[in-house]
Amino acid sequence: MQNQKKVNVAVVGATGAVGQQMISLLEQRDFPINQLKLLASGRSAGKTVNFKGQDVVIEEATPDSFAGVDYALFSAGGSISKELAPHAVRHGAVVIDNTSAFRMDPEVPLVVPEVNMDAAHQHKGIIANPNCSTIQMVAALKPLYDRFGIDRIIVSTYQAVSGAGQSAINELQEQSRDILDGKEAKANVLPVSKLPVHHQIAYNAIPQIDVFTDNGFTYEEMKMVNETKKILGDDTVNVSATCVRIPVIYGHSESVYVELKQDYDLAEVKQLLSDAPGVVLQDSPEEQVYPLATEAAGKLDVFVGRVRRDLHHPRGLHMWIVSDNLLKGAAWNTVQIAEELIKAQQ
């Protein structure tokens with residue numbers, strides 16, 4: 001992004017896993033930064049982060065931290081976003097928020113650049129980043145939605161522990177070591193740290209991410225339902241989700257079943273996926289080529305494979321979708337939105 005007007009950027013939640021990825025991406029992509037402001041809680045104030053060879057001091061995030069900031073990238077939890085994002089907008093910043101605080105606000109666009117970047121240009125100061133699992137699914141489904149229409153989506157996710165933060169990563173590693181050493185595995189974090197019951201994640205699969213709602217689905221599952229409808233701008237798409245935490249550190253995987261509105265040719269479906277922006281088709285089952293979390297980790301794209309017809313429904317289609325949940329599922333989607341906004345102003 002060279003030769004572009006330089007802007008002042010604030011990263012809120014600079015010490016968190018997603019915040020660190022944002023900072024790394026801003027450096028790797030040569031984002032046109034004039035001044036970088038790193039904000040976090042008071043506990044982290046005074047620490048330094050190296051950015052392009054210079055130490056940047058982390059400051060405590062306050063309502064007055066955003067004076068002169070053009071773009072504020074938030075990933076510090078929903079309560080922080082609700083408190084501070086309006087102040088950032090008041091100071092003239094465009095907020096791109098990576099929490100659930102504003103996703104379903106009808107005044108706030110919910111954006112995946114490959115899917116609905118036009119919506120971002122209609123913002124009123126705040127743009128929301130969707131849930132990580134939603135992002136990778138809609139990025140892969142958008143070309144099929146445009147060509148054939150979609151009646152129904154049934155998705156089962158296999159989500160990495162990094163989606164629950166560094167404490168969940170630490171717990172998986174500690175439990176794995178303890179079990180291999182013949183010790184008892186202690187669980188204090190997953191599935192939800194604030195709940196009284198916790199389950200072992202090492203060598204296990206936990207069919208709960210977030211707390212349950214009254215309809216028997218979790219909030220994570222309902223996020224996928226509601227966010228997909230909003231991003232596609234189509235309330236007629238029926239979405240059902242089962243979200244599962246598995247002992248993988250980076251990279252969410254999804255088994256997605258779609259019922260299209262029109263008959264389709266499988267070769268055309270694969271070509272559409274292959275041509276889709278930000279999507280990489282890895283679909284050679286005869287050579288055992290399909291997306292893997294271990295290979296998607298550290299990459300910006302969404303990977304799709306195991307594309308095949310349903311055995312019973314004439315318009316049914318199955319696929320396997322994998323992406324790095326901290327990158328395309330969070331930090332990269334956020335930085336990507338900012339990049340696109342800047343390009344549009346040139």
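The figures here come from the full heavy-atom set of this structure, side chains too, leaving out hydrogens, waters and symmetry mates. All of these numbers come straight from a predicted model, not from anything done at the bench.
Taking all atoms of both residues into account, the shortest heavy-atom contact from K194 to V211 is CE-CG1, 4.1 Å. Closest of all the heavy-atom pairs between A88 and A72 is CB-CB, 4.3 Å. For R103 against K230, the heavy-atom pair with the smallest separation is O-NZ, 2.6 Å.
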Side-chain polar contacts of residues 293-304 - donor-acceptor pairs under 3.5 angstrom, sequence neighbours left out - could you list them?
{"unit_1": "K299", "atom_1": "NZ", "unit_2": "E295", "atom_2": "O", "d": "2.6"}

Between side-chain atoms of residues 178-191 and protein atoms elsewhere (two or more places apart, or another chain), which donor-acceptor pairs fall under 3.5 Å?
none

Determine all donor-acceptor pairs shorter than 3.5 Å in which one atom belongs to a side chain in residues 7-23; sequence neighbours excluded.
{"unit_1": "N8", "atom_1": "OD1", "unit_2": "N34", "atom_2": "ND2", "d": "2.9"}
{"unit_1": "N8", "atom_1": "OD1", "unit_2": "Q35", "atom_2": "N", "d": "3.2"}
{"unit_1": "N8", "atom_1": "ND2", "unit_2": "G68", "atom_2": "O", "d": "2.9"}
{"unit_1": "Q20", "atom_1": "NE2", "unit_2": "T15", "atom_2": "O", "d": "2.6"}

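A salt bridge between D30 and K52 is present, with a side-chain N of the basic residue lying under 4.0 Å from a carboxylate O of the acidic one. The pair E114-K142 fails the salt-bridge criterion, with no side-chain N (NZ, NE, NH1 or NH2) lying under 4.0 Å from an Asp/Glu carboxylate O.
For E59 and S65, the side-chain atoms include no donor-acceptor pair closer than 3.5 Å. A side-chain N or O of T134 and one of E227 form a donor-acceptor pair less than 3.5 Å apart. Donor-acceptor pairing under 3.5 Å is lacking for the side chains of T62 and D64. Residues N170 and E174 have side chains that never bring a donor and an acceptor to within less than 3.5 angstrom of each other. For the 3.5 Å distance criterion, the side chains of T218 and D210 fail to qualify, holding no donor opposite an acceptor.
Listed by chain and residue number, Y264, K270, V307, L317 satisfy the side-chain contact (heavy atoms from CB on, under 4.5 Å) test with L266 (two or more places apart in sequence, or in another chain). Listed by chain and residue number, Q282, S284, E287 satisfy the side-chain contact (heavy atoms from CB on, under 4.5 Å) test with V289 (two or more places apart in sequence, or in another chain). Partners of D118 according to the side-chain contact (heavy atoms from CB on, under 4.5 Å) rule, which considers only residues two or more places apart in sequence or in another chain, do not exist here. Qualifying ring-ring contact (aromatic ring centres under 6.0 Å, His included) partners for H199, counting only residues two or more places apart in sequence or in other chains: none. For the side-chain contact (heavy atoms from CB on, under 4.5 Å) test, no residue two or more places apart in sequence or in another chain qualifies with S240. Applying the ring-ring contact (aromatic ring centres under 6.0 Å, His included) rule to Y257 yields the partners H318; only residues at least two apart in sequence or on another chain are considered.
For residues 48-69, the pairs satisfying ring pair (Phe, Tyr, Trp, His ring centres under 6.0 Å) are F66-F74, with sequence neighbours left out. Counting only residues at least two apart or on different chains, the ring pair (Phe, Tyr, Trp, His ring centres under 6.0 Å) pairs with a member in residues 126-160 are Y158-W320.
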Step-by-step salt bridge (charged side-chain N to carboxylate O under 4.0 Å, His left out) determination, E340 to K343: CA-CA 5 Å; E340 294 297 327; K343 287 178 186 176; 3.5 Å; yes
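Listed by chain and number, the hydrophobic cluster partners of M104 come to none, as no ILVMFWY side chain reaches under 4.5 Å of it.
A distance of 8.0 Å separates CD1 in I127 from OH in Y71, rounded to the nearest 0.5 Å.
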